[in-house]
2 protein chains.
Amino acid sequence: MNPIIQAARREQIIEAAIDTVAEVGYPGTTLARIAERAQTSKSVISYHFPGKDDLLEQVVLQIYADTWAFMEPRVEAETTAAGQLGAYITAELDYMREHRARLLAVADIVANHRTADGSLRFTPDAEGSQGAEGLGLGVLTDILRRGQRAGEFRNFDPQVLAVTVNRALDGALGRWVTEPSLDLGAYATELTTLFDLATRKPQKES
Amino acid sequence: MNPIIQAARREQIIEAAIDTVAEVGYPGTTLARIAERAQTSKSVISYHFPGKDDLLEQVVLQIYADTWAFMEPRVEAETTAAGQLGAYITAELDYMREHRARLLAVADIVANHRTADGSLRFTPDAEGSQGAEGLGLGVLTDILRRGQRAGEFRNFDPQVLAVTVNRALDGALGRWVTEPSLDLGAYATELTTLFDLATRKPQKES
DNA sequence: CTACTGTTAGGCCGCCTGGTCGAAAAGTGA
DNA sequence: TCACTTTTCGACCAGGCGGCCTAACAGTAG
């Protein structure tokens with residue numbers, strides 16, 4: 001009945017689930033471990049969530065929303081498509097620096113979570129990002145398409161490039177995990193110039 | 001005693017493991033399912049392999065070796081670093097077209113397989129690719145470094161670019177899975193020009 | 001045929017999984 | 001204080017897991 005306690009508990013459990021996935025990986029994530037980290041019992045999780053699958057889905061949706069809430073103003077602040085692309089890359093890496101476990105968890109869940117019939121529940125490499133707007137491929141593809149229409153960008157396949165940018169950011173996360181001393185700021189400028197060169201229209205007639 | 005039967009059985013089991021991982025994912029891969037697909041019993045797997053972990057490790061090592069055996073001559077045939085980079089991308093996508101399950105399985109295992117202490121057993125995003133030479137980041141990094149030394153490439157971080165190329169190829173696989181009609185040949189040329197533009201030295205003094 | 005070795009099958013084990021249940025606890029309003 | 005609802009707890013369940021064991025099988029050499 002008390003919605004405040006409800007929300008707080010759910011938040012606590014979600015946070016525990018994030019840390020668990022980030023630490024032991026998707027296959028090692030069990031209700032018992034999540035409960036232990038949240039300092040409760042499995043039953044509490046079962047009381048607040050219909051099941052493990054739903055919990056992990058909530059984790060993904062919340063992280064998507066949080067991440068995009070952080071990134072959106074920085075992307076929207078840019079006027080050019082090239083600026084938006086750079087802002088997208090830098091913003092995600094900035095968010096990553098402060099929320100390593102979140103992005104680690106979301107990547108792990110998205111890559112592994114499946115429905116009962118065996119197909120992946122989240123397939124972010126397709127056109128429509130279901131559910132959580134932003135942070136799917138949709139936003140990125142839109143930026144790229146807009147840049148092409150505006151004549152800023154050369155003629156590439158926007159979906160290929162969107163997937164590649166997303167994977168590049170995942171790669172940064174992966175390397176950061178195995179090499180914690182990695183300079184994410186430098187990584188951001190590396191990727192920004194990389195994709196700037198890859199998208200920019202070759203200088204010809206004005 | 002009979003090494004032919006031994007090798008054949010091992011091969012058969014490894015193949016069944018590949019298909020299983022590719023179909024149901026790493027968390028859904030069990031000895032029972034692998035045995036079922038190989039039309040044997042779990043005991044046979046236990047007889048020929050020390051355990052599930054070792055089996056999956058063999059899967060990764062063999063696929064690494066096979067893939068690189070396919071790619072190496074095509075990469076070595078090129079003389080310029082840019083040519084080698086393009087050949088690397090195209091060759092892996094060509095291999096992918098004929099061996100979808102293999103690359104799917106290796107990606108899944110590498111991303112999820114952990115040692116007893118909880119750390120990832122394969123961490124291909126680091127400098128040294130342990131065990132299997134080729135197909136790690138090492139070869140790619142070498143190509144990029146050589147291109148820089150030869151003056152073909154601009155001054156980027158070779159490791160960042162190597163990780164990005166590898167992830168880009170993973171992204172192609174991911175999209176191909178959700179969209180089987182995807183034209184991998186077109187994807188190859190997209191990625192080749194993308195990374196050509198990203199690595200090429202800007203034209204200035206000769 | 002016998003004796004032996006390498007291989008297979010299926011039942012079995014302890015363990016852990018996600019999830020449920022009834023009862024106890026904590027909170028709430030009169 | 002009381003009655004009532006919401007929340008927590010630990011025990012418990014059926015099922016699946018990786019792995020093991022024993023007995024039977026197939027070859028082969030003598």
Side-chain angles (χ1 to χ4, degrees), chain A residues 1-21 23-60 105 108-109 112-118 121, chain B residues 1-21 23-60 105 108-109 112-118 121:
Chain A
M1 188 191 241
N2 189 334
I4 296 169
I5 287 188
Q6 288 261 3
R9 261 285 195 236
R10 285 176 61 95
E11 182 60 32
Q12 177 199 14
I13 293 169
I14 286 180
E15 220 62 38
I18 290 171
D19 293 340
T20 304
V21 174
E23 186 176 329
V24 301
Y26 180 89
T29 298
T30 68
L31 289 183
R33 263 197 262 261
I34 296 172
E36 182 189 20
R37 194 175 287 261
Q39 295 183 102
T40 17
S41 55
K42 287 190 303 170
S43 333
V44 176
I45 298 178
S46 292
Y47 179 76
H48 288 278
F49 293 90
K52 187 194 181 190
D53 291 358
D54 310 80
L55 167 57
L56 293 182
E57 233 159 281
Q58 292 303 313
V59 167
V60 170
D108 217 338
I109 297 172
N112 285 298
H113 205 47
R114 293 176 181 246
T115 59
D117 67 1
R121 210 179 274 260
Chain B
M1 190 193 239
N2 189 333
I4 296 169
I5 288 190
Q6 288 262 1
R9 261 288 194 235
R10 283 175 63 96
E11 182 60 33
Q12 177 199 13
I13 292 169
I14 286 180
E15 219 62 37
I18 290 170
D19 293 340
T20 304
V21 174
E23 186 178 328
V24 301
Y26 180 90
T29 298
T30 68
L31 288 183
R33 264 198 260 262
I34 296 172
E36 182 188 20
R37 195 176 285 260
Q39 294 182 101
T40 19
S41 54
K42 288 189 303 170
S43 334
V44 176
I45 299 178
S46 291
Y47 179 76
H48 288 278
F49 293 90
K52 186 193 182 191
D53 290 358
D54 310 79
L55 167 57
L56 293 183
E57 233 159 281
Q58 291 304 312
V59 167
V60 170
D108 217 337
I109 297 172
N112 285 298
H113 205 48
R114 293 176 181 247
T115 58
D117 67 2
R121 208 179 275 257

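Computed from a predicted model, the values in this text were never measured in an experiment. Every chain is numbered from 1, with letters handed out A, B, ... down the list of sequences.
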Can you tell me if [X] touches the phosphate of [N], counting only side-chain N or O atoms and a distance under 4.0 Å to OP1 or OP2?
{"X": "A/Arg9", "N": "D/dT8", "value": "yes"}
{"X": "B/His48", "N": "C/dT8", "value": "yes"}
{"X": "A/Tyr47", "N": "D/dT8", "value": "no"}

Completion exercise
Each nucleotide of nucleotides 15-22 of chain C classed B (base within 4.0 Å of a protein heavy atom), S (only sugar-phosphate) or -, in 5' to 3' order, makes --SBBB--
If you round to the nearest 0.5 Å, how far is [atom2] of [Y] from [atom1] of [X]?
{"X": "A/Ile45", "Y": "A/Arg10", "atom1": "CD1", "atom2": "CZ", "value": "12.0 Å"}
{"X": "B/Ile109", "Y": "B/Glu57", "atom1": "CD1", "atom2": "CD", "value": "10.0 Å"}
{"X": "B/Tyr47", "Y": "B/Thr40", "atom1": "OH", "atom2": "OG1", "value": "14.0 Å"}
{"X": "B/Ser43", "Y": "B/His48", "atom1": "OG", "atom2": "NE2", "value": "10.5 Å"}
{"X": "B/Ile18", "Y": "B/Thr29", "atom1": "CD1", "atom2": "OG1", "value": "11.5 Å"}

Practice task
Inspect the surroundings of CD in A/Glu11 and state if more than 12 heavy atoms from other residues, nucleotides or ligands are less than 6.0 Å away.
Solution key: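 Atom CD in A/Glu11 is packed in, count exceeds 12.
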Handout entry: Ion pair check, B/Arg33 and B/Glu23, cut-off under 4.0 Å
Key =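 Salt bridge between B/Arg33 and B/Glu23, a charged N being under 4.0 Å from a carboxylate O: no.
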Problem - Listed partners of A/Tyr26 passing ring-ring contact (aromatic ring centres under 6.0 Å, His included), at least two apart - result: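 Checked A/Tyr26 against ring-ring contact (aromatic ring centres under 6.0 Å, His included); matches are A/His113.
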Problem - Inter-end axis angle, the helix from C/dC1-D/dG30 to C/dA30-D/dT1, with every axis fitted to five base pairs (rounded, 10 degrees) - result: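 What I find for the helix from C/dC1-D/dG30 to C/dA30-D/dT1 is an axis angle of 0°.
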Rounded off to whole Å, could you give me the [atom1]-to-[atom2] distance for the [X] and [N] pair?
{"X": "B/Arg114", "N": "D/dG18", "atom1": "CZ", "atom2": "C1'", "value": "19 Å"}
{"X": "A/Gln12", "N": "D/dT8", "atom1": "CD", "atom2": "C1'", "value": "12 Å"}
{"X": "B/Tyr26", "N": "D/dC17", "atom1": "OH", "atom2": "P", "value": "14 Å"}
{"X": "B/Phe49", "N": "D/dG18", "atom1": "CZ", "atom2": "P", "value": "15 Å"}
{"X": "B/Gln39", "N": "C/dG10", "atom1": "CD", "atom2": "C1'", "value": "17 Å"}

Handout entry: Criterion side-chain contact (heavy atoms from CB on, under 4.5 Å) on A/Glu36 and A/Thr20, from CA distance to verdict
Key = CA-CA 10 Å; A/Glu36 182 189 20; A/Thr20 304; over 6 Å; no
